[in-house]
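Counting starts at 1 for both ligands and their atoms, in listed order.
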Amino acid sequence: MKGLFITLEGVEGCGKSTQIRLLSRFLTEKGIAHVVTREPGGTEIGDKVRKILLDVSNLRMEPLTELLLYAASRAQHVLEVIRPAILGGKIVLCDRFFDSTLAYQGHARGIDPELVKRSIEIATDGLKPDLTFLLDIPAEVGIERATKKGVDRLEGEDLVFHKRVRQGFLGLAKNEPHRILVVDATCGVDELQTKLRHILEEKLRQWR
Ligand code: TMP
């Protein structure tokens, strides 16, 4: 049986990483084989690309270069990790995927939407998440949380940029309400996890 591809998305500081960790614990307790991964990164090569993308000293990076580096990390990730896991019947929990490219490089950075779409098609070869959780919080709340431990190149963008990222994500969810579920992430960690587990349990019932 084919696995399930589940992604978590949202603005900086929305709590994705914590929630993925807790979802992974939930699947482990149920004895369900799964892989936890992230973008950019998720492979040795992708992690090197991630460093370049987030390095604050790379302020001269052109938007096109940025788009192609996210695509390069993704191509490696899809081929090396995600597709094999799905074909092996596992659940893949992925911290960000192409919706981040649409929201950050497309909506917020303003790169030509056709170019963004093409880069995604090349990198994914048509692979799409079965379910995407959009953890929604106001950008200012997320940025306040995220920048406590230092700021990377993307986090260092101004608040207007991050507000556009949020609007970008919400627009995507509006266009694909069956795949992208918007979950209010302004609540506490446990309450948010409970909401996600309810949705995931329902998805698991349909999958089996
Ligand atoms: P993270 O901080 O959630 O690990 O994500 C790394 C940064 O990369 C974050 O600022 C969002 C950004 N990003 C993009 O701009 N485009 C993408 O396609 C992905 C996957 C992430």
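Given atom 9 (C) of ligand 1, the protein heavy atom at minimum distance is E12 OE2, 3.4 Å. In this structure, atom 16 (N) of ligand 1 lies nearest to the protein heavy atom Q105 OE1, 2.8 Å. At the shortest separation from atom 7 (C) of ligand 1 among protein heavy atoms lies L54 CD2, 3.7 Å. The single protein non-hydrogen atom nearest to atom 14 (C) of ligand 1 is Y70 CZ, 3.1 Å, given as residue, atom name and distance.
Between R153 and ligand 1 there is no heavy-atom distance shorter than 4.0 Å.
Ligand 1 places these atoms under 4.0 Å from at least one heavy atom of L154: 10 (O), 15 (O). For ligand 1 and R74, the ligand atoms under 4.0 Å from any heavy atom of the residue are 18 (O), 20 (C). Below 4.0 Å from some heavy atom of Y104 lie the following atoms of ligand 1, by number and element: 10 (O), 11 (C), 14 (C), 15 (O). Close approach of ligand 1 to R50 (heavy-atom distance below 4.0 Å) involves ligand atoms 1 (P), 4 (O).
No N or O atom of D95 sits closer than 3.5 Å to an N or O atom of ligand 1. Residue E39 has no N or O atom closer than 3.5 Å to an N or O atom of ligand 1.
No hydrogens or angles considered: nothing links the side chains of S100 and E39 as a donor-acceptor pair under 3.5 Å.
L115 and Y70 fall within a single hydrophobic cluster, where Ile, Leu, Val, Met, Phe, Trp and Tyr are joined by side-chain heavy atoms under 4.5 Å apart, directly or via other members.
Geometric assessment of R74 against the ring of F97 yields a positive cation-pi assignment under the 6.0 Å and 45° thresholds.
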